[in-house]
Amino acid sequence: EEAFRNCAVLTSVTLPEGLTTIGKNAFFYCKALTNVKMPNSVTTMGEKAFNNCSALTSVTLSDKLTTIEKYAFEGCIALPSVTIPSGVTTIETSAFNGCIGLTSVTLLDGLKTLGATAFNGCDALTSIELPKSLETIGVGALDAPGLTEIKVRTGNTHFEAEGGVLYNKGKTTLLCYPRKKPGTTFAVPASVTTI
């Protein structure tokens, strides 16, 4: 834990194959670190592991990782894209909160839980597609100011989207209306009983 915390001039680090754990706050506020490539031996990453690494422009996650912990990449303002491997079942609270440069998020099938405020404040994110495996979405998980549409991959048994708006399966609950969805009017479907 906190092994490289506040190493403000560190620009690059090579993580060896065989590494299994990246501890809590391991690279917290390494504000010059530009890229991270996790070896596929990594199975655990602690809370705030790369929090506020504001120069981070590239992240490759381990295929054996099962959870993106709380605040793991919060404040990584230069990060343009991220792909969540299929082994990840949970993205915890605020994992990518405040990643204002994030324009592309790829969520592979395998993800079951998207934690509260996971992508809150991701200003540049305009579209996101939820995988068919997703079962739970936390409050404010998709509260990205630039979001124009939400999509749900075919086969999801818990959620569906229509016209870029997110509903539960069966459209009885309207879950999320993207902030920047084009248009000035919206007709709530007659099937909706809860907003």
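In this text, all values refer to a predicted model and were calculated from it rather than measured experimentally. Heavy atoms only: backbone and side chains are in, while hydrogens, waters and symmetry mates are out.
Between the side chains of E1 and N25, no donor-acceptor pair is found at a separation under 3.5 Å. If you check the side chains of T117 and S94, you find a donor sitting under 3.5 Å from an acceptor.
Among pairs with a residue in residues 135-180, those fulfilling ring-ring contact (aromatic ring centres under 6.0 Å, His included) read Y177-F186, at least two apart in sequence or across chains. Here ring-ring contact (aromatic ring centres under 6.0 Å, His included) pairs that include residues 6-26, with residues two or more places apart or in two chains, number zero. Counting only residues at least two apart or on different chains, the salt bridge (Lys or Arg N to Asp or Glu O under 4.0 Å) pairs with a member in residues 161-177 are E162-K171.
To the nearest 0.5 Å, atom CG of residue L79 and atom OG of residue S58 are 8.0 Å apart. I195 contributes atom CD1, which lies 11.0 Å from atom CG of L175 (distance to the nearest 0.5 angstrom). Atom NZ of residue K70 and atom CD1 of residue I91 lie 15.0 Å apart, to the nearest 0.5 angstrom. Between the OG atom of S62 and the CD atom of E17 there is a distance of 8.0 Å, given to the nearest 0.5 Å. Residue Y71 holds its OH atom at 12.0 Å from CZ of F28, rounded to the nearest 0.5 Å. Rounded to the nearest 0.5 angstrom, L33 CG and T57 OG1 are separated by 9.0 Å.
Placement of L174 and L130 in two distinct hydrophobic clusters is found when ILVMFWY residues are connected by side-chain heavy-atom separations under 4.5 Å, directly or transitively. Hydrophobic clustering, with ILVMFWY side chains joined whenever heavy atoms are under 4.5 angstrom apart, groups V13 together with I22. The hydrophobic clustering, which links ILVMFWY residues whose side-chain heavy atoms are closer than 4.5 Å, places V59 and L114 together.
The shortest side-chain heavy-atom distance between I84 and L108 does not fall under the 4.5 Å cut-off. Looking only at side-chain heavy atoms (C-beta outward), F27 and V36 stay at 4.5 Å or farther from each other. When side chains are defined from C-beta on, V192 does not count as touching T173, because their heavy atoms never get closer than 4.5 Å. Side-chain contact between M45 and L65 is present, with at least one heavy-atom pair separated by less than 4.5 Å. Counting heavy atoms from C-beta outward, N51 and Y29 have side chains that stay 4.5 Å or more apart. Contact check for N35 versus T60: no side-chain heavy atoms found under the 4.5 Å cut-off. Between T103 and L125 the shortest side-chain heavy-atom distance does not fall below 4.5 Å. In this structure, S127 and K151 have side chains that are in contact, with non-hydrogen atoms separated by less than 4.5 Å.
Remark: side-chain polar atoms of S104 are not paired, donor with acceptor, to backbone N or O of S81 under 3.5 angstrom. With hydrogens and angles disregarded, no donor-acceptor distance shorter than 3.5 Å links the side chain of S54 to the backbone of C76. S133 contributes a side-chain N or O that, together with a main-chain N or O of L111, makes up a donor-acceptor pair within less than 3.5 Å. Between the side chain of S191 and the backbone N or O of T172 there is no donor-acceptor pair closer than 3.5 Å. Judged by distance alone, with hydrogens and angles left aside, the side-chain atoms of T126 form no donor-acceptor pair with the main-chain N or O of G146 at under 3.5 Å. A donor-acceptor contact shorter than 3.5 Å is absent between the side chain of T106 and the backbone of T83. Side-chain atoms of N156 do not come within 3.5 Å of backbone N or O of E160 as any donor-acceptor pair.
Between C122 and L102, the shortest heavy-atom distance links the atoms SG-CD2, 4.2 Å. Taking both residues in full, the closest heavy atoms of N40 and K64 are given as O-CD, 2.9 Å, listed atom of the first, atom of the second, then distance. Heavy atoms only, all atoms of each residue included: G164 and P178 are closest at O-CG, 3.1 Å. The heavy-atom pair separating S41 from P16 by the smallest distance is OG-O, 4.2 Å. Closest of all the heavy-atom pairs between A32 and A8 is CB-O, 3.3 Å. Smallest separation of non-hydrogen atoms from D63 and P85: OD1-CB, 3.8 Å.
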side-chain hydrogen bond (donor to acceptor under 3.5 Å, both in side chains) between T90 and T67: does it pass, once the steps are laid out? CA-CA 5 Å; T90 304; T67 302; 4.6 Å; no
Could you please spell out the steps behind the side-chain contact (heavy atoms from CB on, under 4.5 Å) verdict for K132 and T154? CA-CA 6 Å; K132 65 181 180 181; T154 304; over 6 Å; no
After noting the C-alpha distance and the side-chain angles of V42 and T20, does the key distance pass the side-chain contact (heavy atoms from CB on, under 4.5 Å) rule? CA-CA 4 Å; V42 173; T20 59; over 6 Å; no
So I68 and L61, side-chain contact (heavy atoms from CB on, under 4.5 Å) or not? Walk me through it. CA-CA 9 Å; I68 309 295; L61 299 172; 3.7 Å; yes
Pair T66-V88, side-chain contact (heavy atoms from CB on, under 4.5 Å): steps then yes or no: CA-CA 4 Å; T66 58; V88 172; over 6 Å; no
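With respect to the salt-bridge test (charged N to carboxylate O, under 4.0 angstrom), the residues E129 and R153 qualify.
Shown are N97, T93, N52; of these, the side chain to side chain donor-acceptor pair (under 3.5 Å) with E74 is made only by N97.
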